[in-house]
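Just so you know, these numbers use all the heavy atoms, side chains as well, and skip hydrogens, waters and symmetry mates. Letters go in sequence order (proteins before strands), and every chain restarts at 1. None of these values were measured; they are calculated from a predicted model.
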There are 2 protein chains.
Amino acid sequence: MQIGIIGLGRMGANMARRLARGGAQVVAYDRQDAARAALGDEHGVATVAGLAALCAQLDEGERVILMMLPAGKAIDATLDELGALVSAGDTLVDGGNSFYRDSMRRALALSQSGLRYVDAGVSGGIHGLAHGYCLMLGGTPTAVEQFVPYAQLLAPGPQTGWMHCGPSGAGHYAKMIHNGIEYGMMQAYAEGFALLKAKEEFDIDLARLAETWRHGSVVRSWLLDLCAEFLAEDGELEHIAPVVADSGEGRWTASEAIELGVPAPVIALALMARFSSQGKDDYGRRMLAMMRAKFGGHAVSRRK
Amino acid sequence: MQIGIIGLGRMGANMARRLARGGAQVVAYDRQDAARAALGDEHGVATVAGLAALCAQLDEGERVILMMLPAGKAIDATLDELGALVSAGDTLVDGGNSFYRDSMRRALALSQSGLRYVDAGVSGGIHGLAHGYCLMLGGTPTAVEQFVPYAQLLAPGPQTGWMHCGPSGAGHYAKMIHNGIEYGMMQAYAEGFALLKAKEEFDIDLARLAETWRHGSVVRSWLLDLCAEFLAEDGELEHIAPVVADSGEGRWTASEAIELGVPAPVIALALMARFSSQGKDDYGRRMLAMMRAKFGGHAVSRRK
């Protein structure tokens with residue numbers, strides 16, 4: 001078993017490690033020297049300095065190459081460069097968080113050259129190395145079949161935590177919705193803990209409560225496990241800026257709800273709450289403050 | 001170890017069983033004959049036909065009596081009746097979903113007679129018998145101390161899944177917020193699965209996807225375990241009415257957010273979504289349809 005990996009960031013590097021520990025020969029490339037160097041000495045991983053070298057080390061017509069790259073241009077640029085290096089029968093796997101329609105387009109384009117394409121939604125974050133990753137795969141049965149042995153090494157178990165979801169795009173669609181659900185769940189926990197924190201008269205130990213809920217409660221989850229862990233280290237969170245980034249998947253899920261005409265208010269609102277945390281509500285808030293001032297003479301705070 | 005239990009519904013009966021299996025002598029009462037009969041023959045449980053008999057079988061001044069009753073009048077009526085049967089030093093525990101301010105009021109009132117009161121938020125549902133319950137306890141240290149040995153039998157383990165959260169009311173407050181979080185999480189999953197279901201071109205097997213997500217994904221949780229289980233039995237859900245009841249705790253959480261002035265939009269919206277499912281949006285929807293008809297001449301469907 002031999003697989004190429006392009007992109008050795010937080011996800012890619014750990015996936016390379018897990019594949020190598022599972023017995024696969026891994027040929028790994030990242031355009032950053034430091035990322036390659038960080039992985040260079042590990043058992044079962046050979047790092048190479050370019051895509052040509054990566055393709056040369058894999059058997060022509062049977063190559064399986066996993067891209068762990070940021071969604072968007074990086075994927076298209078890599079596919080362009082790989083075009084001249086791979087051959088019919090090779091399988092390219094996008095394990096990043098690409099928009100599912102991009103994956104459908106890419107799979108179709110590559111199929112013209114006899115290339116197989118798998119869109120692989122991957123969940124598990126930085127803990128995947130130890131626990132295994134959850135993989136949602138899209139593509140033709142033939143394409144997915146080439147990647148299954150590696151999915152079985154990456155997943156928590158050979159028969160658990162991976163799934164061929166459907167045709168090209170279905171893997172990234174499932175991952176997109178997964179992340180939309182994640183936005184809603186995270187917001188629900190955040191609101192609940194904020195309400196507990198604000199109830200000063202009870203002064204509930206939030207770290208202990210999170211730990212308590214982990215055992216037997218209806219809200220137990222892996223996200224709660226993480227909350228219990230970081231609250232135990234610092235329950236005040238005073239040094240954490242109250243700003244939450246968003247990546248593509250929350251936005252795509254909300255847009256998809258609009259396109260399908262299916263309500264997803266909590267997921268959309270969780271996304272909007274992140275925009276708000278990024279300061280994108282500030283102009284609207286100034287508008288509100290001014291309207292109150294104009295109709296009711298209410299005081300307006302001036303910025304210092 | 002000897003404990004009285006009042007109320008042998010879904011929660012109370014299983015808690016009686018779990019306590020008895022853990023080695024406690026349980027004296028159990030329900031005003032319904034059938035509920036008593038259902039539990040009557042089990043090892044370690046003695047059912048009695050009234051509160052007087054229940055109190056008579058427990059040692060005066062050391063009684064621990066757990067009420068598993070619906071929130072509201074049932075608790076106050078039971079406390080009124082118990083008033084003449086219990087004595088100073090006895091401990092009364094409300095394991096139901098009472099409003100935390102009611103629990104504060106009751107604890108204060110009972111303390112005038114030297115009675116100890118514990119508000120115990122209990123999570124775990126019908127699976128608690130096997131897995132153990134999560135218990136959030138409020139009350140004075142002395143009161144809670146009386147109940148701890150029983151909490152340790154009810155919880156998943158002697159040192160896990162139970163917590164003395166704070167003074168009277170803190171247990172039911174923690175449980176209220178717990179349920180608010182539960183509303184938000186459930187809505188997030190429901191929206192996500194609805195978006196997957198609506199994407200007909202991918203025809204993703206939702207039961208298999210839920211099962212897949214259970215292993216290694218960021219959205220793994222006990223609620224997801226339940227989704228995987230019922231979707232495997234019937235993924236279409238065609239025979240399930242799209243109506244979702246709500247109980248007090250979601251409403252109280254949303255009201256508390258307003259009282260504290262702390263935003264909890266996702267929890268509040270998840271609650272509103274349940275109201276909507278109950279048909280409580282229908283008048284508003286008719287208003288919208290009529291406004292569109294009046295300004296734009298848009299067609300209005302007539303009810304048959």
For a 4.5 angstrom cut-off between non-hydrogen side-chain atoms, does A/Q187 reach B/P265?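 Yes, their side chains come closer than 4.5 Å.
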Do A/V219 and B/S123 come within less than 4.5 Å of each other through their side chains, counting heavy atoms only?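 They are not in side-chain contact.
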Best-contacting candidate, [options], against chain B by heavy atom pairs under 4.5 angstrom:
options	result
A/G132, A/A174, A/G166, A/A270	A/A174
A/A264, A/G128, A/G184, A/G124	A/A264
A/G216, A/A194, A/G180	A/G216

By a 4.5 Å heavy-atom criterion (distance strictly below it), what part of A/Y100 contacts chain B: side chain, backbone, both, or neither?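 Only the side chain of A/Y100 comes within 4.5 Å of chain B.
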Heavy-atom proximity to chain B below 4.5 Å, by part of A/I267: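 Both parts, heavy atoms under 4.5 Å.
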Chain A contact via [X] - side chain, backbone, both or neither, heavy atoms under 4.5 Å:
X	result
B/E259	neither
B/H131	side chain
B/W162	backbone
B/L226	neither
B/L260	side chain
B/P156	side chain
B/S168	backbone

Restricting to non-hydrogen atoms, name the atom on [X] and the atom on [Y] that form the minimum distance, rounded to 0.1 Å.
X	Y	result
B/M163	A/D205	CE-O, 3.5 Å
B/L209	A/C165	CD1-SG, 4.1 Å
A/V218	B/L223	O-CG, 3.7 Å
A/A188	B/M185	CB-N, 3.9 Å
B/I204	A/A170	CD1-O, 3.8 Å

Would you say B/E191's side chain and A/V266's backbone share a donor-acceptor pair under 3.5 angstrom?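 Yes: the side chain of B/E191 pairs with the backbone of A/V266.
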